[in-house]
Amino acid sequence: MANLRELSKGPEIFTPGHRLCAGCGAGPVVRQVLHALEGAPVVIGNATGCLEVASTIYPFTSWDASWIHNAFENAAATLSGVEAAYQSLKRQGKINDEIKFVAFGGDGGTYDIGLQSLSGAMERGHDLLYVCYDNGAYMNTGIQRSSATPFAADTTTSPVGQAIPGKTQGRKDLTAIIADHRIAYVAQASPAYWNDLVTKAKKAFAAKGSAFMNTIAPCPRGWRSDPALTVELSKLAVETCFWPLYEVENGKWRLTFKPREKKPITEWLKPQGRFKHLFRAENKGLLEQFQADVDQRWEDLLVRCGEK
Amino acid sequence: MNKSVALTGNEAVATAMKQIEPDVVAAYPITPQTDIVQYFSTFVADGQVKTEFVTVESEHSAMSATIGASAAGARAMTATSSQGLALMWEVVYIASSFRLPIVMPVVNRALSGPINIHCDHSDSMGARDSGWIQLYSEDAQEAYDNVIQAIRIAEHPDVLLPVMVMQDGFVISHAMQNLEILDDESVKKFVGTYKPDHHLLDVKHPMTVGSLFLPNFYFEAKKQEAEALERAKKVIQEVAKEYAAISGRQYGFFETYRLEDAEVAVIALNSTAGTVRGLVDEYRAKGLRVGALKPRVFRPLPHEELVVALQHLKAIAVMDRAESFSTHGGPLFNDLRSVLYESKERPVVTNYIYGLGGRDLTLDELRRVFDETLEAARAGYYRNRVTHLGVRE
Ligand SMILES: Cc1ncc(C[n+]2csc(CCOP(=O)(O)OP(=O)(O)O)c2C)c(N)n1
């Protein structure tokens, strides 16, 4: 069990002075994951995206640990090379430190353009953790839709127009795809449930082999939400069962949090400007479709987790 | 003890890699490079090397993982051809901008499309402006020697740049040739151990690699890269000298053949250079003053030395095994012609584009090149600036 006070005393690897927007969900995700290291040495990989550009504007860096950014789609491949170097040098007795490896990528860099590189690294079983901060669009380039963007969301490449009411497709279930790689550890987490997230990150770092965590990370710019609501929206995503918290350990699926009552999806959608059009009378059907999809995915997950 | 062996070009390169024994190799198969990956896998499987071999899922990841490994302080290598190099494109530039001493054998193959698996130089020529050092090799011997020297060039503190070592697909990569290899001990001693000043795994001295360079810094970074390529010229020569001492084989920026008193020269890269030399002898026997030059180092371009070597000529034919689609000749031609702008008496320089997609270059076609260039020397001008040789009209 993590303890907030204890955690906050640990070393802060992602240091203040970065240029993430107010209310950006990526920051808390990164800090919580890195707190799980409890001071263990780490090398960090980062895909191109908001987190990368906001944290390493030369000659400054927000990272008080070794960090590498190579390109957009290859954070997993790059870190797998770093890890391979570690295995080789360690075997040769040239390195003695016990080092952990973690990569961070946005949903664009993970679900879409970086999926192949991620799948390759996971399949090869490199001893590293990949963390996706899923803010539901390509935010760095100005809020374009990704395969993680929720159904009906208004983005700059799935705009709400006269003929088409936002994104027409649902979300790719990346967590399940990676779980089906049968790697050491897979989890879905939310920074609002810091205890759950840190516990999962600890397990992920302790696991021998590849680990993957998918985390929700609200983006006030892209979601058109109040920056003050970031934690609240991270929480509502879980309580509405849009973003269930679970883990897959050695092939075994387990819910780590079950809301006492499933809140209607509208509670999560309402504070977000990107879903504003759904609350117009003519889009009632879309709203129902959204809810039905959340329900279906939740039911499927309950079965997978042996809850049903 | 050096020993004579019969190996294909690919075997020769794989042997060099085994003797170098890099810490990490990340590679993906593609014809005609595939043998290199397969031979190396066998060395790993048999425990003959300490290398961590990363069986990546693409060449993009091959280069990405090699970059990661190199930034982590490992001596890291990969190898590729054609589409593989094309797929790596984005990260090829990042490797050089990170100043990582990666060595990559490239087995030259035509780029798609149309798809073709045979030799031309469109793949590596396309990467000529990526900030990598490029060494071209005529045969298995040179490919072997170049790979070993490349490690020392790349890792030299005045350089710290990646190096590509080319050889012709199939013609060299799959042809058995006699060559001399060094013993493992001598190679190990020659390449030494790689000890970078900074690397990611030095966790007590954390470093940030790959940060965002805005207009206030990017230009300086690129200028420094260019300066490192300039400095590489001296290092390439020093390394060649040291290598000659252990191998008995001399390497320079380029190799000349009966050039000193020649009036006409034919310039070609890689395996074609051997055919050219054969014809030089044939024409010399007829009393004609012809010679040849074979570039070894194409990046950096040894422009000063090239001017000195070529300015006395009356006419020069540059053979390009790649189109540039500029409509003004191939990449080697354009570089050499530009270099010769510095000479007092400018030779007539013409271009022959040949052998695309593995098209054979016949001796008669090459005789045409010699004849036309001799004619241009006599006339003082050329008939065609660019000729596509051996192609159906
Ligand atoms: C190969 C390539 N294509 C496109 C881009 C442009 N690009 C940079 S960041 C980005 C979006 C990143 O989105 P995501 O991964 O979701 O991270 P976020 O910006 O939301 O943090 C894009 C499209 C790029 N850098 N490289």
Side-chain angles (χ1 to χ4, degrees), chain A residues 13 19 40-46 48 52-92 94-95 97-101 103 114 116-124 126, chain B residues 21-26 28 49-76 78 88 90-91 93-95 97-98 102 193-195 198-214 216-218 220-221:
Chain A
I13 294 172
R19 295 153 199 212
V42 66
V43 178
I44 298 159
N46 206 160
T48 308
E52 167 262 325
V53 297
S55 63
T56 56
I57 300 174
Y58 189 84
F60 304 105
T61 182
S62 294
W63 303 91
D64 193 9
S66 278
W67 178 96
I68 181 167
H69 157 251
N70 188 345
F72 186 20
E73 66 285 68
N74 63 358
T78 304
L79 200 67
S80 75
V82 177
E83 189 263 0
Y86 172 68
Q87 298 298 350
S88 178
L89 297 174
K90 195 145 193 231
R91 200 165 53 232
Q92 298 173 57
K94 292 182 180 172
I95 279 184
D97 299 288
E98 284 293 326
I99 304 176
K100 299 291 181 192
F101 300 91
Q116 172 186 313
S117 154
L118 173 62
S119 174
M122 298 285 107
E123 182 272 332
R124 294 191 296 275
H126 292 276
Chain B
E21 216 182 340
D23 300 308
V24 174
V25 169
Y28 192 81
V49 287
K50 58 171 193 237
T51 309
E52 186 77 14
F53 183 50
V54 189
T55 51
V56 281
E57 82 300 331
S58 73
E59 287 89 351
H60 195 284
S61 287
M63 183 49 67
S64 301
T66 307
I67 288 171
S70 184
R75 181 176 275 157
T78 181
M88 285 178 183
E90 180 192 33
V91 266
Y93 281 74
I94 295 174
S97 96
F98 283 1
I102 292 164
T193 42
Y194 176 50
K195 285 199 213 79
H198 312 280
H199 63 87
L200 292 168
L201 297 177
D202 182 5
V203 289
K204 286 182 189 71
H205 305 95
M207 69 188 293
T208 289
V209 179
S211 37
L212 174 66
F213 279 52
L214 293 173
N216 53 349
F217 283 108
Y218 181 90
E220 280 73 21

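Note on naming: letters A, B, ... go to the chains in the order of the sequence lines (proteins, then strands), and numbering restarts at 1 for each one. Every heavy atom of this structure was used, including side-chain atoms; hydrogens, water molecules and symmetry mates were not. Because the structure is a prediction, the values reported are computed rather than measured.
Contact of B:Ala71 with chain A is made through the side chain alone, with heavy-atom distances under 4.5 Å. Heavy-atom distances place both the backbone and the side chain of B:Leu201 under 4.5 Å from chain A. The part of B:Leu214 that comes within reach of chain A is its side chain, from C-beta onward, which places non-hydrogen atoms under 4.5 angstrom from that chain. Only the side chain of B:Phe98 has a heavy atom closer than 4.5 Å to any heavy atom of chain A. The parts of A:Asn70 that come within reach of chain B are both its backbone and its side chain, each placing non-hydrogen atoms under 4.5 angstrom from that chain. Contact annotation for B:Thr208: both backbone and side-chain heavy atoms come within less than 4.5 Å of a heavy atom of chain A. Heavy atoms closer than 4.5 Å to chain B are found in both the backbone and the side chain of A:Val53.
Taking the six-membered ring for Trp and thresholds of 30 and 60 degrees, A:Tyr58 and B:Phe217 have ring planes more than 60 degrees apart, a perpendicular arrangement.
Atoms OG1 and CD, on B:Thr55 and A:Glu123 in that order, are 6.5 Å from each other to the nearest 0.5 Å. Taken from NE2 in B:His198 to OG in A:Ser66, the straight-line distance is 11.5 Å, to the nearest 0.5 Å. One distance of note links CD1 of B:Ile67 with CD1 of A:Ile68; it measures 7.5 Å at 0.5 Å rounding. A distance of 11.5 Å separates CG of A:Leu79 from OG of B:Ser64, quoted to the nearest 0.5 Å. Rounded to the nearest 0.5 Å, atoms CZ (A:Arg91) and OG1 (B:Thr51) are 8.5 Å apart. Within the model, atoms CZ of A:Phe60 and OG of B:Ser211 stand 11.0 Å from one another, a figure rounded to the nearest 0.5 Å.
Between chain B and the residues A:Ile95, A:Val42, A:Leu89, the largest count of heavy-atom pairs under 4.5 Å involves A:Leu89. Top candidate by heavy-atom pairs under 4.5 Å with chain B, chosen from A:Glu73, A:His126, A:Lys94, is A:Glu73. Of the listed residues B:Ala74, B:Ala69, B:Ala72, B:Ser61, the one with more heavy-atom pairs under 4.5 angstrom with chain A than any other is B:Ala69.
A pairwise comparison of heavy atoms in B:Val24 and A:Ser88 identifies CG2-CB, 4.3 Å as the closest pair. Nearest heavy atom pair, residue A:His69 against residue B:Gly210, reads ND1-O, 2.8 Å.
Looking at heavy atoms from C-beta onward, B:Glu57 lies in side-chain contact with A:Ser117 at the 4.5 angstrom threshold. Between A:Asp97 and B:Lys204 there is a side-chain heavy-atom pair separated by less than 4.5 Å.
Side-chain atoms of A:Arg124 never come within 3.5 Å of backbone atoms of B:Val54 as a donor-acceptor pair (strictly under, hydrogens ignored).
Using modelled atom types and a 3.5 Å distance limit, the side chains of B:Ser58 and A:Gln116 yield a donor-acceptor pair.
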